[in-house]
Every structure is written in C-alpha cells, then in structure tokens.
There are 2 protein chains.
Amino acid sequence: MSAVTINDVARQAGVSKKTVSRVINNEANVSVETRDKVMAVIQATGFKRNPLGMALAKNRSLFIALLADNPSPGYLQKLQKGVLQYCSESNMGLFLYDCSYRSPGLVAEIEGFIDNTLADGLILVPPLSDKKELLDMLNRRKVAYVRIGAPDAALGDSVGFDNQQAAYELTRYLLRLKHKDIGFVLGHPDQGSSQRCEAGFRQAYAEAGIEFPEKLLVQGYYTFQSGVDAAAVLLNKTPRPTAILASNDEMAVGVLYSAHSRGLKVPDDISVVGIDDIALSTKVWPNLTTMRQPITAIGYRAAYKLIRKLQGLPDEGPKNPEADLLTCELIVRDSAREPGRN
Amino acid sequence: MSAVTINDVARQAGVSKKTVSRVINNEANVSVETRDKVMAVIQATGFKRNPLGMALAKNRSLFIALLADNPSPGYLQKLQKGVLQYCSESNMGLFLYDCSYRSPGLVAEIEGFIDNTLADGLILVPPLSDKKELLDMLNRRKVAYVRIGAPDAALGDSVGFDNQQAAYELTRYLLRLKHKDIGFVLGHPDQGSSQRCEAGFRQAYAEAGIEFPEKLLVQGYYTFQSGVDAAAVLLNKTPRPTAILASNDEMAVGVLYSAHSRGLKVPDDISVVGIDDIALSTKVWPNLTTMRQPITAIGYRAAYKLIRKLQGLPDEGPKNPEADLLTCELIVRDSAREPGRN
DNA sequence: CGACACATTGACACCGGTGTCAATATGCTT
DNA sequence: AAGCATATTGACACCGGTGTCAATGTGTCG
C-alpha cells in the first residue's frame, strides 16, 4: 500500500537516492534524461516524500501554528479560515493552539507546545500579539512569527487593519446622521487596538468641532457579555445616547441584546454600530451596520507572510515596509439611522 | 540555546543513548541509579525529546487532525474547543483541515493532506463522518479515526448524541405547551442526524395520538440561511404554525430572523426552538429555548477515544459498546411559550 | 593536446530518535 | 560450585530524507 520510500524510487530508477532527492526538490544540475526517468518512477509508484524524514533532515517541519486566546469567536473563525486557505495552497500543516491570555504560565506553556510540535512558525492573534514576554521568548528561540492586528515595527512583522481609521469613519457616519450623544464601548484595555479605536472616535469629534462626550465612554472587553454590560450602563444615562458605537461587532451584538431586553427598538429608539463584520452581524435582528475588516484576507496574508519567510522567498505583497494594513469598508445595514423623535 | 539531543544527555550521563531512550519512555529494566542519573541530566539540560525524530523512528507522529466541512460555525467551534482540550492534556498536536463536502476530489484531497502531515488519526465531523468513500480510504490506509455524531457500528468508532431523543423530547415539550401546528425544519438530507430528528418528531406525535402535520415539514440544510428560507415558507402557510422546531440552532436563529423581519414577535406570535445550544443561541433576542447537546464534551471524548486508541491504551470511558451517545438536556429560555390568542 | 571550468552523479555521514539482539552481571536453584 | 533464569546495558542498524564532498564526464580555451 503506502510507504514508497525514496530508496524504492532510487532502486527502480537505477540512480542514487540523492539524485531522487534532487529531482523532488527541483534542484539544478540534473540531466533531463535522469529527471524524466526519475519522474516516471515517481508517477508510477505514487511516491510522496515523507514530511517527517524531511523535517528531521532539514530541521524545518513544514508546520505552522495559529495561537489564539479567544476574544471574539466569530473573529477567530474568519481569521482561521484565511490562514487555513493559504496553508492548503502551500501544503503546510496548520496546528491549532488555544491558550489563555492571562495564564501566568503562558510563555512556558507555549514553549512546551513548540517543543511538542516543532512548528516552524507562529501566527499570533491579539491579545497575544502584544505580549512582550512571549515575543522575547520566540526571538530567543528563533521561532518565526507574524502578528495579527498590532502594527509596531519594533515587535516584528504584522498584518492588521487600521482600527483608528475604522472608528474614525464610523463615528463620522453617525455624526453625519446627526447623532450627537454617541455612547462608546471601548475594547480590552490591554490591547492596542482599543486605544486606536478611541483615538478614532476623538478624532472625528475634534474634526466636527463638537465636544467629546467623555461621560459616554464605557469600558468593554471585546466580548459579547461586556457589550451587554456596557450597554446597560449607557442606557441608564440621561439623556440617553441616541447611538452606541462598540469597538467590535461581538460587543455591538451585546448592545443590541441589551437594548432589546429593555424593550428598545433598534434603530428606531437607538442606533447601534460595530466594527469587524463577523458572521454574527448578519444573523441578528436587525442586521448590524459595521465597518468591515477583511479578517479572512488578513489571515490569508499573515499565513502568506509567515510561510514565504520560512521558505526564504521574498514577500511579493504590498510594499508596506513594516506592517500590512488592509483597508476597511463601511457596511450600511439596518441597525443605524437618524435619531428619531425619541 | 535549544537542541539538547539525546546524544548530549547520554554523553553527560555516561550511558548509551538507548538507555536514555528507555528512561524517557519509562521502560522497565533500568536500574534506579541509572534512571536517577539520567533524570538529573535531563533536568539540568532541559532536554526535550524531538517529536520528529521519534515520529520517524516509531512511524507514529503524535499529531491528529480535525477534518471539517463547515455546517454550523458555532457547532464546529465548540467541538474544536473540546478536541483541543484533550490534545493539550495529552501533548498531542492538532491539525486543522477544512474541506468541502461536495468537492469531487474530496477523498484524494484528504489523502494528500494525510501525506503532507502524517497525522496519526482523524476526527471526522458530519457530514464527513457519513461519507463512505472517505472511510474506505482511511481503512485501506489504516489511518485511525473517530466519527462525530453518526453512530453506526459498521462504520467504526463514533461519539455523538441521540438526535432522535432530543427531537422527541423537544416536540413533547411543545405539545405539552399545547402547540399542535408545529412547523419542522429538517436538517441536511445527506446527514443521518437529519432522519433521526425527523423520527423523533414523529414519535412524539404518535405517542400523543395526534396526526402528524406532514405539510409543515420543510427541508433545511443546517445553515442559517436555510433556516431563514424554510421559515419564509412556513410562515406563509394558513393556518400559520404556532411554533417552529428547527433541527439545529443555527437554523432556529434563521427562523427567528425570518419572523422578526415580518414583524412577528417571538414568542408572543410564534414559538421557535432549536437543537444544540451553541454560543449564538444566547446572543440573539430572545434567547433560544433548545436541547443542549454537550458539544464540547463530545469533542473531548472523541479526542480521548482516538488518542487512547493510538496509544494502544484501553478506553476507560462509558461502556457503550459501539458508539458513545452523550445525553442531551432541555434548556428552557425565552423563545417558546404557550400559543397566544393569535 | 593539456589545463581548467563546469555539469552530473553517487558514497557516506547525519538529523534525533527507536528496535533488535547480544554481552555482561546478578541472583537463585540444586 | 555448576547451571540457569533474569535484570541491565550498549552496539549497531534503521526510520526517510538531506548536506557535503569527491569522482567522474564533458566542453572550452589557449
């Protein structure tokens, strides 16, 4: 059945196994006749190189891993899809590893994971991508990585999108709709994206020359539940905000939920918008108006960058020197409109 | 830095590398002094066995893979969590692979994936777990697998839960609430679980001595969109059903969405229930009444069964001879109640 | 024709472990 | 004390590939 080895091919083709190795690796300096002969045997026998043997010899495993804490499940899922897609295209295996951001043994745990799998490279999802100790360990052990969503040239390659721009444009959109009292649900305080979102809100207000409603800024943690809780606070304020902007869709859906449970109608009584455009956003009623982040594309691009680096090939993507920032897009759906008579 | 090999340990401990191998594998017939001496060096050097070398020598990779098409993202996510958990506990790596159920090259594609990764075993998520050609290939290649959610002793080990029982109890619950015209959204026709659900509906009606409403049976495909579509059909019937039971929560949420978009109130105007209890079910308004399937536990148990099998250790779980069927549980939330005056 | 660059190929060691088997030491039986 | 079973250990080949280097063959130049 299986197990046609390089030795079998070599024997049948009447060459040394090194020559077979040359052929399967497309190396130069193999005569055309030899190459054809070997290829024929490979075809006939259905030979596939054993990745483990190769990995051992080359000290390169051909596996990468996606490391994630689980902030917004919908986000992770889309990201994973993009990563997986490029992995398939390039015949790389993708390991999955869940970890807990707050666990004290995190770095050691991940070190153990690397030892167990010998993954060549890692894709780090926020908030892991901001974790200095982790990056230090990876640098020390010379494990390649690409970070998602946290551009900071000093910390290494990253792919993400411009949260500040997204929040800025979304806020402008609400301001254009004539909302003035907008409630903001912040993201997780440990994540850089959170501060960038906040900067975007403020920027839009500043440009419009309207005083920023400091009292309508509520802490969130990027989770559904934190959105529910934040909305509960905001909806008790007087005057009640006419719109709520959450730093991600997962929380925006929580806001929606909170509004519904107090009998408020969206968008008649209050507008709700988010950022990301995850699958969930079109499963709730009403569909969420949001800034679409090309999450799957980001995952794809991250995998591309990592794998190209591992292969020693140049990155032929966008020429952005330090970080890839993919652009976002306003998706107008049904959860926001001009404030009504209340 | 890294790369303490078994040779290094052997040299420093003054023994042969085979003896070191014996120690790290906990083999018998090593004297206590030797074991201690070797252990001390292992501790001191921080030696970790290289999984690739081991895999090559033993012809066992210590990696398993989760193969999935993507029926209901929430389902997959919970499952993945359970699988990952047991993998972590047992130091196994988990590969992820997405595939398309309908792709004609599916079997060859998966075969290629196995060649690329040398995964020791596979966990198959429905509808893959029903795919005869796939199972044949795996048997032929002697790749171990555990199937999720499709008990059928002839096809190999499986872990799942009793869909028929779930649908049966859920239907009884609605009947007890005095619903009579219940609309049913069936699952994917290719998946066995779908027929079992249907059997459960019918069983409950038969027991109650009520004629089964054949006209209220609508085809679905386990996706959100198919739930939306099926509900559109059901809500146009006269008389309109007073309740809709969907074969999974993903579709039930679609039904909810459909009801909302026609201005119907749930549960005042119509009750909606589903099966699974995914994360989504508590993010929509109103929260979904559902039969909870212990999805994460199923994933955990599947990984357990597979890995124990690979390790040649006995399965010390439930003594169910052919398939593990974990029990389900009715979760009463806010999307169903007695039919109103209409 | 000799010297030399270059293309082609294979022998062999090596990556980091494990399996087999033989060598030696030890304890027990009679 | 001889005979034998058992415990402990290491030498060596092997898993399936790749890297190094030397040995050939071929073409070009002076």
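Each chain gets a letter, A, B and so on, in the order its sequence line appears, and its residues count up from 1.
For CG of A/Asp36, the number of neighbouring non-hydrogen atoms (other residues, nucleotides, ligands) closer than 6.0 Å is greater than 12. The environment of CE in B/Met39 is sparse: at most 12 heavy-atom neighbours from other residues, nucleotides or ligands sit within 6.0 Å. Sparse packing is recorded around NZ of B/Lys81, with 12 or fewer heavy atoms of other residues, nucleotides or ligands lying under 6.0 Å away.
Across all strands shown, A/Asn25 has heavy atoms under 4.0 Å from sugar-phosphate atoms exclusively, and none from any base. Counting any heavy atom pair closer than 4.0 Å across all strands shown, B/Asn59 reaches no nucleic acid atom.
Counting to the nearest Å, the C1' atom of C/dG16 and the CG atom of B/Leu52 are 9 Å from each other. Summarising the geometry, the separation between CZ on B/Arg11 and P on D/dT9 is reported as 20 Å, rounded to the nearest angstrom. Atom CG in B/Asn26 sits about 12 Å away from atom P in C/dT18, given to the nearest Å. Going from atom CG of A/Asp115 over to atom P of C/dG17 covers 11 Å, rounded to whole Å. Between the CD1 atom of B/Ile6 and the P atom of C/dG19 there is a distance of 11 Å, given to the nearest Å. Atom NZ in B/Lys58 sits about 12 Å away from atom P in C/dG17, given to the nearest Å. B/Asn7 places its CG atom 10 Å from the C1' atom of C/dC15, with the value rounded to the nearest Å. For the pair B/Leu118 CG and D/dG17 P, the computed distance is 9 Å after rounding to whole Å.
With B/Asn25 contributing its side chain and B/Glu27 its backbone, the two residues share no donor-acceptor pair below 3.5 Å. A/Asp120 places no side-chain N or O within donor-acceptor distance of the main-chain N or O of A/Ile64, the cut-off being under 3.5 Å. Between the side chain of B/Ser158 and the backbone N or O of B/Gly149 there is no donor-acceptor pair closer than 3.5 Å.
A salt bridge is absent between B/Asp190 and B/Arg102: the closest approach of a Lys/Arg side-chain nitrogen to an acidic carboxylate oxygen does not fall below 4.0 angstrom.
Between C/dT8, C/dT18, D/dT18, one nucleotide has an atom nearer to the side chain of B/Ser21 than all others, and that is C/dT18. Among C/dT9, D/dG17, D/dA7, the nucleotide with an atom closest to any side-chain atom of A/Ala57 is D/dG17. In the set D/dT9, C/dG16, D/dG17, the nucleotide with an atom closest to the side chain of A/Leu56 is C/dG16. Closest to the side chain of B/Thr5, out of D/dG17, C/dG17, C/dT8, is C/dG17.
OP1 or OP2 of D/dT8 has at least one side-chain nitrogen or oxygen of B/Asn29 nearer than 4.0 Å. Contact annotation: B/Ser31 side-chain N/O to D/dA7 OP1/OP2 distance is not under 4.0 Å. A close approach under 4.0 Å does not occur between any side-chain nitrogen or oxygen of B/Arg60 and OP1 or OP2 of C/dT18.
Note on the helix from C/dC1-D/dG30 to C/dT30-D/dA1: angle between the axes of the first and last five pairs equals 50°, rounded to 10 degrees.
The minimum heavy-atom distance between A/Leu52 and B/Ser61, with the atom names listed, is CD2-CB, 4.2 Å.
With the nearest nucleotide of DNA chain C identified for both B/Pro51 and A/Arg35, A/Arg35 has the one nearer the 5' end.
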Under 3.5 Å between N/O atoms: give me all the protein pairs with nucleotides 10-13 of chain C, atom names plus distance.
from, atom 1, to, atom 2, distance (Å)
C/dG10, OP2, A/Ser16, N, 3.0
C/dG10, OP2, A/Ser16, OG, 3.2
C/dG10, OP2, A/Thr19, OG1, 2.5
C/dG10, N7, A/Arg22, NH1, 3.3
C/dG10, O6, A/Arg22, NH2, 2.6

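The side-chain heavy atoms of A/Val143 and A/Ile114, taken from C-beta on, include a pair separated by under 4.5 Å.
Taking the side-chain contact (heavy atoms from CB on, under 4.5 Å) definition, one finds that A/Asp136 meets it with A/Lys132, sequence neighbours left out.
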